[in-house]
There are 4 protein chains.
Amino acid sequence: MSPKEELEQERRQQILDAAETVFSEQGFNDARMDDIVAESGLSKGALYWYYKSKDAIIMALLDRVFLQEMRIAEVLIDADGTAEEKLRIFSRAAVADIRHFKPFMSLAYEFITLVTRRKEVREKIRGYYRTYTQILAGIIEQGISTDEFATVDPHKTALAIIGLYEGITLMWFIDPENIDWDELTEAPLDMLLDGIRKKES
Amino acid sequence: MSPKEELEQERRQQILDAAETVFSEQGFNDARMDDIVAESGLSKGALYWYYKSKDAIIMALLDRVFLQEMRIAEVLIDADGTAEEKLRIFSRAAVADIRHFKPFMSLAYEFITLVTRRKEVREKIRGYYRTYTQILAGIIEQGISTDEFATVDPHKTALAIIGLYEGITLMWFIDPENIDWDELTEAPLDMLLDGIRKKES
Amino acid sequence: MSPKEELEQERRQQILDAAETVFSEQGFNDARMDDIVAESGLSKGALYWYYKSKDAIIMALLDRVFLQEMRIAEVLIDADGTAEEKLRIFSRAAVADIRHFKPFMSLAYEFITLVTRRKEVREKIRGYYRTYTQILAGIIEQGISTDEFATVDPHKTALAIIGLYEGITLMWFIDPENIDWDELTEAPLDMLLDGIRKKES
Amino acid sequence: MSPKEELEQERRQQILDAAETVFSEQGFNDARMDDIVAESGLSKGALYWYYKSKDAIIMALLDRVFLQEMRIAEVLIDADGTAEEKLRIFSRAAVADIRHFKPFMSLAYEFITLVTRRKEVREKIRGYYRTYTQILAGIIEQGISTDEFATVDPHKTALAIIGLYEGITLMWFIDPENIDWDELTEAPLDMLLDGIRKKES
DNA sequence: TATGAATGAGTCTTCATTCAT
DNA sequence: CATGAATGAAGACTCATTCAT
């Protein structure tokens with residue numbers, strides 16, 4: 001990467017970092033471009049040099065947020081072990097990630113708000129969840145073929161697992177004190193696994 | 001109720017109906033007061049007569065949206081039957097409600113966005129979920145005491161059930177075609193129930 | 001006209017009057033909306049209530065400016081007399097009008113600037129000159145048929161007459177002291193008339 | 001001229017060529033310095049190295065545009081022949097020039113727009129027309145003294161001739177299809193000449 | 001109660017110009 | 001001489017809210 005491209009990347013990161021903070025705190029609409037300017041340490045002109053509008057920044061953030069999330073998926077793909085072990089790895093990674101992600105969670109929900117209104121957002125987020133679902137479904141299929149799991153529908157089960165974590169995350173976001181992630185990290189998974197695990201006969 | 005009060009109630013409903021539609025379609029910020037005025041068929045002056053600000057309408061909507069939701073909870077409280085039967089009633093009611101609620105779902109997520117930024121929203125939504133959790137926990141306790149269920153933690157299990165439904169709802173909102181509620185209505189519950197059901201020994 | 005419509009007309013006139021002054025003094029681009037606001041005595045909101053943009057005001061002015069000019073043409077249509085008498089009436093009306101119009105002349109040239117860039121402007125101004133040319137051509141035809149004038153091309157002659165006045169106006173705008181309209185009022189016309197008048201044989 | 005000065009001259013021409021094109025297409029205000037940069041093939045820094053501001057470019061263009069025009073006048077001064085012959089030379093030169101100049105005509109009108117607002121523009125353009133008028137007046141005086149023309153006012157007649165051509169040019173700019181320069185090249189002049197030509201007695 | 005014209009503070013965005021390299 | 005990233009003042013426009021009628 002040329003020094004020039006490096007500078008550009010750095011500036012764009014500066015701006016997205018600032019935007020992430022500001023948008024998370026204030027929401028897309030209450031956030032002022034001047035707030036992002038101040039937070040980024042750049043000038044307004046510099047901001048508009050790299051992103052042509054507020055909306056362009058929001059869309060660039062969308063990419064970054066869900067790209068970051070994708071990393072958990074990668075962990076899963078590369079993992080070895082039984083299906084159950086992989087699901088536990090997923091669970092742990094997801095929970096770790098969620099905690100790290102907490103300050104920016106309202107940002108994520110704001111993006112979700114846009115799903116019905118903006119094609120790009122819709123497609124990006126759908127792609128993210130579909131990828132995820134497929135990976136988990138693959139693991140479950142593995143579990144079925146190795147007789148770890150009963151013959152469940154892999155797709156539906158994958159949706160249930162992701163849904164379970166998304167839902168608990170949502171509830172944790174709303175009422176963190178009411179939910180103890182330390183305990184919940186594996187408990188929900190245990191319940192589901194109990195449900196799909198092959199019963200000895 | 002006097003005729004005057006009746007008119008007032010009617011007008012307020014008109015406004016909230018319009019606001020619900022407009023906010024759902026455009027979001028709190030892109031929605032214009034003039035849009036609500038047009039949708040409601042009232043005049044701008046009338047709007048401001050009944051609600052003193054845009055924010056007041058949003059807060060009134062918050063009440064209405066989550067009050068509506070509360071009705072499912074009431075169904076549960078009054079129901080008879082085994083714990084499992086009650087959970088199935090809950091499941092069916094929740095799914096039915098979600099479907100009806102779909103056009104306004106982005107509204108709900110926009111409220112969630114406000115959880116970290118607005119005390120009233122936070123408290124209202126927390127109250128809603130806490131109530132819900134307690135009711136479900138009660139049912140699970142009943143199930144444990146009647147030996148339907150294994151000795152699980154009622155609170156955690158309740159959270160898991162609600163989370164499961166909230167999460168699947170979220171995913172259905174994002175990608176309706178990828179999720180078949182008809183099948184999912186009871187499947188997720190089955191999995192969880194399998195997990196907590198008392199094993200014959 | 002209802003009182004409401006009357007108010008609207010009055011407001012629009014107020015705005016266009018102000019815009020005419022401000023645009024003439026400063027040009028379309030240097031003129032600030034706030035200048036028009038100040039000049040009009042209205043508020044910025046009121047301005048935008050009646051015209052949705054600066055450009056809308058400019059286009060409304062275009063209408064008004066060239067509609068005003070059209071009145072001279074009407075004088076001609078209704079006039080009686082020989083062709084030459086009518087042309088003299090035209091001459092006098094045109095000169096009188098030009099003098100009145102002087103402060104707003106740079107406005108007219110600014111519109112002309114837009115002829116190649118904006119369809120609406122092009123069409124409006126073309127229509128104006130075509131109408132004018134036709135009226136004059138009609139008078140010249142009359143002069144030919146009554147043997148006042150030699151057998152000239154009515155269309156070309158009309159263009160020459162209008163062109164003559166437009167050109168002298170342009171030069172007067174550029175260098176008023178160099179041109180004495182009092183003398184020039186009829187002199188150019190005399191020259192042209194001398195050229196087309198039927199020579200006694 | 002040193003190689004260094006040559007380069008400077010070349011660069012300045014590049015810039016003015018680009019500016020002429022861009023300004024003609026977009027107008028002084030809508031044209032962006034970046035457009036001129038792109039059109040010129042230079043860098044922004046280079047542009048500002050040779051011209052210290054947008055306005056400086058506009059003023060340099062003013063010089064160039066009206067200097068170019070001055071060449072027609074030179075043709076006249078050097079010409080031999082009767083007054084009428086000279087006027088025909090003028091006519092042909094003017095028409096030829098106008099056609100060449102067409103793409104940049106809106107530029108000329110934009111300068112005229114500035115006559116009332118900018119001293120330098122006013123003086124430059126006035127000087128141009130005064131020079132022109134004087135040359136033509138001289139020719140007409142010649143024509144009077146040689147008995148070609150009747151005893152007309154040379155100044156007024158010169159104004160009329162220039163005005164006639166300026167006016168027809170304006171109308172041609174506005175509505176090229178409505179005006180056939182091929183025919184109009186000499187026709188207007190004929191009319192005027194008919195008017196001022198010494199009548200045989 | 002109801003109306004809708006009017007208000008004006010607040011925003012995003014633009015773009016001529018500068019200057020470190 | 002040349003580059004183009006950076007600057008920031010300035011301006012068009014928006015829209016929640018008000019208030020005379």
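We use all heavy atoms of the structure for the numbers below, so side chains are in, but hydrogens, waters and symmetry mates are not. Because the structure is a prediction, the values reported are computed rather than measured.
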F/dC1 OP1/OP2 closer than 4.0 Å to side-chain N/O of D/Arg11 | no
Are OP1 or OP2 of E/dG10 and a side-chain N or O of A/Arg32 less than 4.0 angstrom apart?
-> no
When the distance from CG of C/Asp30 to P of F/dA9 is rounded to whole Å, what number comes out?
-> 20 Å
Verify the distance criterion only: is there a donor paired with an acceptor across the side chains of B/Gln26 and B/Arg32 at less than 3.5 Å?
-> no
Select base, sugar-phosphate, or nothing to describe what A/Lys44 touches, counting heavy atoms under 4.0 Å on all strands.
-> base
Among F/dA12, E/dC12, F/dT3, which is the nearest nucleotide to the side chain of A/Met33?
-> E/dC12
Protein-nucleotide distance (C/Lys54, atom NZ; F/dA10, atom P), rounded to Å | 16 Å
Winner on side-chain proximity to D/Tyr50, out of E/dA16, E/dA6, F/dA2, is F/dA2
Using a 4.0 Å heavy-atom cut-off across all strands, classify D/Ala31 as base, sugar-phosphate, or nothing.
-> sugar-phosphate
Rounded to the nearest angstrom, tell me the gap between atom CD in A/Glu10 and atom P in F/dA5.
-> 14 Å
F/dT21 -> Watson-Crick or G-U wobble partner, both distances under 3.5 Å, gives E/dA2
Between D/Trp49 and F/dC1, is there a side-chain N or O to OP1/OP2 distance below 4.0 Å?
-> no
Work out which heavy atom in D/Phe23 is nearest to a heavy atom in D/Glu110; give both atom names and the distance.
-> O-OE1, 4.4 Å
Counting Watson-Crick and G-U wobble pairs only, both distances under 3.5 Å, name the nucleotide matched with F/dC13, or none.
-> E/dG10
For the pair C/Glu120 and C/Lys124, evaluate salt bridge (charged side-chain N to carboxylate O under 4.0 Å, His left out) and give the outcome as yes or no after the intermediate values.
-> CA-CA 6 Å; C/Glu120 317 134 83; C/Lys124 186 80 66 184; over 6 Å; no
OH of A/Tyr48 versus C1' of F/dA9: gap in Å, rounded?
-> 14 Å
Whole-Å distance, B/Leu47 CG to F/dC19 P, equals 17 Å
